[in-house]
4 protein chains.
Amino acid sequence: MQKNRLEAFSDGVIAIIITIMVLEMKVPHGTDLADLKPILPVFLSYVLSFIYIGIYWSNHHHLLHATHRVSGGIMWANLHLLFWLSLVPFVTGWMGENQFAALPAALYGLVLLLAGVAYLVLQRAIVARQAGDSSLASELGRDRKGKLSLVLYVVGIGLAFVSPWLAATLYALVAAMWLIPDRRLERALKEHGP
Amino acid sequence: MQKNRLEAFSDGVIAIIITIMVLEMKVPHGTDLADLKPILPVFLSYVLSFIYIGIYWSNHHHLLHATHRVSGGIMWANLHLLFWLSLVPFVTGWMGENQFAALPAALYGLVLLLAGVAYLVLQRAIVARQAGDSSLASELGRDRKGKLSLVLYVVGIGLAFVSPWLAATLYALVAAMWLIPDRRLERALKEHGP
Amino acid sequence: MQKNRLEAFSDGVIAIIITIMVLEMKVPHGTDLADLKPILPVFLSYVLSFIYIGIYWSNHHHLLHATHRVSGGIMWANLHLLFWLSLVPFVTGWMGENQFAALPAALYGLVLLLAGVAYLVLQRAIVARQAGDSSLASELGRDRKGKLSLVLYVVGIGLAFVSPWLAATLYALVAAMWLIPDRRLERALKEHGP
Amino acid sequence: MQKNRLEAFSDGVIAIIITIMVLEMKVPHGTDLADLKPILPVFLSYVLSFIYIGIYWSNHHHLLHATHRVSGGIMWANLHLLFWLSLVPFVTGWMGENQFAALPAALYGLVLLLAGVAYLVLQRAIVARQAGDSSLASELGRDRKGKLSLVLYVVGIGLAFVSPWLAATLYALVAAMWLIPDRRLERALKEHGP
C-alpha cells in the first residue's frame with residue numbers, strides 16, 4: 001500500500017510534467033504558415049522531452065514493479081528524481097525558444113545528466129532494500145546502459161558549445177537507445193516474479 | 001497491476017489535458033458584455049475539444065477494460081496517443097483565438113487525424129496481444145466508425161481552406177457520431193466478460 | 001473497477017481545477033503591502049471557489065460511494081458536471097481581478113447555477129440506475145438543499161446587477177449551507193450500506 | 001475506500017502544487033549565463049518549496065497510513081491543509097522574483113505557519129477519531145517537532161524584516177529538521193500495525 005501511494009504520486013507528478021510542457025508552446029498571434037515557423041524548434045524539443053519523460057515513466061514503472069519494500073530513503077530518492085524531471089519543462093522551453101543555442105542545449109543536457117544520476121541513486125536505494133533478492137541486484141548492478149547514458153550526456157554538454165544541434169542529436173540517440181525495452185529487468189521479473 | 005498503472009497514468013494525463021485547456025481562455029480586462037465577445041470562439045472550440053477528450057477518455061476506458069495483458073509495445077502505443085492528445089490545447093487555443101481561421105482549423109483537424117490514427121494503432125496493438133480472444137479481434141477489427149472518422153478528418157482539413165466554420169461543423173458531427181456508445185465493444189465485453 | 005476509474009478521473013480533474021485557480025493570483029511586481037492590495041479580491045474569490053470545489057468533491061465522493069453500477073449515461077453526466085466546474089477558475093479570475101464588478105459576479109453565479117443543475121442531473125442518472133434501491137431514490141429525490149441552491153443562485157445573478165458584493169455574500173451563504181454534511185445520504189448509506 | 005479516495009485526491013493536489021511551482025521560473029529571453037542570474041533566487045526558493053511540499057507529502061502519507069476511519073471533519077481539515085499548501089507556489093514566486101525582499105519572505109513564513117497549524121489540526125482530528133488507539137494519541141499528542149516549527153516560523157516572519165536571507169535560512173533549517181523521518185509515528189505503526 002505504501003508502495004501504491006508512491007507510484008500514484010510519481011505517476012501524478014510525471015503526468016503533470018509531460019503535459020504542462022506543452023504550455024511552453026505559446027499560441028502564435030498570426031494565422032500563416034510563417035507564424036508556425038518559430039514554434040518548430042519548440043515543437044522538436046517538446047517531442048524529445050516527451051520521449052524522455054515517457055522513458056523515465058516506463059523504467060520507473062518497471063523498477064517499482066520489482067520493489068517490495070519502500071523506506072524513507074527510497075521515498076526521498078524518488079522525490080530527488082522527480083525534482084530533476086520537474087526542471088525538464090523549463091530547459092525544454094529555453095532550448096526550443098532560442099533555436100537550440102549553446103548554453104540552453106548544455107543546460108538541457110545537465111538536467112538529463114542529473115536526472116540520470118538521480119535514477120541510478122534511486123535504483124541503488126531500491127536494490128539495497130530488497131535484501132536477499134541478489135539476482136535482481138546483480139542484474140541491475142551492472143546497468144551498463146544507465147552508466148553509458150551519463151557519459152554521453154557529459155559529451156553532449158561539451159558538444160553543445162561546438163554545435164548545439166549535434167548535442168541535441170546525441171540526446172536523441174540516447175533516447176533511442178532507451179526505447180529498446182530493458183530486457184534485464186524483464187528477465188529478472190520473469191524468473192523471480194513480482 | 002501493470003495495467004492499473006497504465007490506466008492511472010493515462011487518466012492523469014487526460015485529466016490534465018482536459019483541464020489546462022481552460023487556461024487558453026484568458027480572463028478579459030474589461031467587465032462589459034463586449035469584452036466577452038472575443039472569448040466566444042475560444043469558448044466554442046473549448047467545448048468541442050472538451051467533448052473530444054471526453055470521448056477519447058471514455059473509449060480508452062472501454063478499450064483497456066477489455067485488455068488483459070500489457071506489453072512494452074502497448075505502453076508506447078498509449079504514450080503515442082497521449083502525445084497527439086497533448087497537442088489539443090495548443091490547436092484549440094490557436095483556432096479559438098483566431099476566430100476559426102483557415103490554417104488553425106486545418107491544423108486542428110490534423111491533430112484529430114493523428115490522434116485517431118494513434119488510437120487505431122493502440123487498438124491493434126491490444127488486439128494482437130489478447131491472443132485467442134478472436135471475437136474481440138473481429139469485433140474491433142472492422143471498426144468502421146474509427147476508419148470513417150479518419151476520412152472525415154481529411155475532408156475537414158481540406159474544407160478548412162474553403163470555409164473554416166464548415167470544417168469545424170464537420171469535426172462537431174464526427175464528435176456527435178462518437179457520443180453514441182460503442183455497442184460493439186459493450187457486446188463483446190458482455191459475451192466474453194472482462 | 002469501472003466506477004473506480006470514474007472516481008479517479010474525476011478526482012484528477014477536480015484536483016487540477018482546485019489547484020490551477022491559484023495561477024490566476026498573479027505574482028505582483030512590487031514588494032510593498034500596497035502591491036498586495038489589488039490581489040485581495042482575487043484572494044477572496046479564490047477562497048470562495050476553493051470551498052465550492054471542495055464541497056463538490058466531498059458530495060461527489062458521497063454520491064459515488066452510494067453508486068453500484070456505472071453506465072455510459074452516468075459517465076457523460078459526470079463529464080458534464082466537470083465541464084461546468086472547469087469554468088470556475090475562469091470566472092473566479094474575472095470576478096477577482098475586477099473587484100467584484102456586476103457582470104463578472106453574475107457570470108460567476110451562472111456557472112455555479114449550471115454546475116448545480118449538472119449535479120442534479122448526475123444524481124438523477126445515478127438514482128435511475130440503482131434500481132430496487134428505492135430508499136436511496138426517495139432520500140435523494142427530495143433533495144431540497146440542491147433545489148434551494150439553484151433558486152439562490154438565480155437570485156444572486158439578479159442581485160449582481162444591484163450590488164455585486166451582495167451577490168458574492170449570497171454565494172458564500174449557499175456554500176456555508178453545504179458545509180453542513182449531507183445527513184440524508186449518510187443516513188441512507190448507514191441503513192443500506194455500500 | 002473512503003480513505004483511499006482522500007489519499008488519491010490529496011496526492012493529486014500535492015503533485016500539482018509541487019509541479020506547477022516550476023512555471024514561476026519563467027524561461028529567460030537571452031541565452032547568456034547573465035540571463036540565468038535573475039532566475040537563481042527563483043530557483044533557490046523553488047528548491048526550498050519543493051522540499052517543504054515533499055515533507056508534507058511524506059508526513060501526510062504516514063499520518064493517513066495510521067488512520068482507520070475518515071469523517072467529514074477529517075475531510076475538511078485535510079482540505080484546509082491543502083488550501084494553505086496551494087498558496088506555496090504564489091509566495092515562492094513572489095519571494096524568488098524579488099530576490100528575497102522583506103515582505104515576500106515574511107509572507108512565505110506566514111503561509112508555512114498556517115500550513116503547519118492546519119497540519120496539527122488535521123492530526124488532532126485524526127487522533128480524536130481513532131478512539132481506543134490511545135498509544136497513537138499519546139505518541140502524536142506531544143508532537144514537539146510540530147510545535148517547535150510553529151515557533152520558528154513566527155521567529156522567521158519577524159526576522160524577515162531584519163534580514164530576509166536570515167529568515168530564509170531559518171525556514172531551510174526547519175525543513176532540514178523535518179527531513180529526519182518521524183520515528184515516533186514509525187514506532188507507533190510498528191507496535192500497533194496499520
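First the proteins, then the strands, lettered A, B, ... as listed; each starts at 1. Keep in mind that the numbers below use all heavy atoms, side chains included, and drop hydrogens, waters and symmetry copies.
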Checklist entry - Which pair of non-hydrogen atoms, one from A:Gly12 and one from D:Ala15, has the smallest distance, and what is that distance? => result C-CB, 4.1 Å

Next on the checklist: For D:Ile14, which atoms come within 4.5 Å of any heavy atom of chain A: side chain, backbone, both, or neither?
Outcome noted: both

Item to check | Stepwise side-chain contact (heavy atoms from CB on, under 4.5 Å) check, A:Ser86 with D:Met25 | outcome: CA-CA 11 Å; A:Ser86 81; D:Met25 258 171 68; over 6 Å; no

Checklist entry - Can you name the nearest heavy-atom pair linking D:Phe43 to A:Leu87, along with the distance? => result CE1-CD1, 3.8 Å

Checklist entry - So do the side chains of D:Leu33 and A:Leu103 get within less than 4.5 Å of each other, counting heavy atoms only? => result yes

Checklist entry - So A:Phe9 and D:Trp57, would you call those rings parallel, tilted or perpendicular, with 30° and 60° as cut-offs? => result parallel

Item to check | Non-hydrogen atoms of D:His61 and A:Arg5 that approach each other most closely | outcome: CA-NH1, 3.0 Å

Item to check | Closest heavy-atom pair and its distance - A:Phe90, D:Leu36 | outcome: CZ-CD2, 4.4 Å

Checklist entry - Taking atom CD1 of D:Ile16 and atom CD1 of A:Ile16, what is their separation to the nearest 0.5 Å? => result 4.5 Å

Checklist outcome for this item: From the list D:Ile51, D:Ile20, D:Val22, the residue making the most non-hydrogen contacts under 4.5 Å with chain A is D:Val22

Next on the checklist: The test is side-chain contact (heavy atoms from CB on, under 4.5 Å); show your working for A:Val91 and D:Val27 and say whether it passes.
Outcome noted: CA-CA 8 Å; A:Val91 291; D:Val27 171; over 6 Å; no

Next on the checklist: Test ring pair (Phe, Tyr, Trp, His ring centres under 6.0 Å) on D:Tyr46 and A:Phe83; report intermediate values, then the result.
Outcome noted: CA-CA 10 Å; D:Tyr46 175 58; A:Phe83 175 76; 5.6 Å; yes

Next on the checklist: Under a 4.5 Å cutoff for heavy-atom pairs, which residue among D:Pro28, D:Gly30, D:Gly54, D:Ser58 has the most contacts with chain A?
Outcome noted: D:Pro28

Checklist entry - Can you tell which of D:Ile18, D:Asp35, D:Ile55 has the highest number of heavy-atom pairs within less than 4.5 Å of chain A? => result D:Ile55

Checklist entry - Out of curiosity, D:Thr31 OG1 to A:Leu107 CG, how far, rounded to the nearest 0.5 Å? => result 12.0 Å

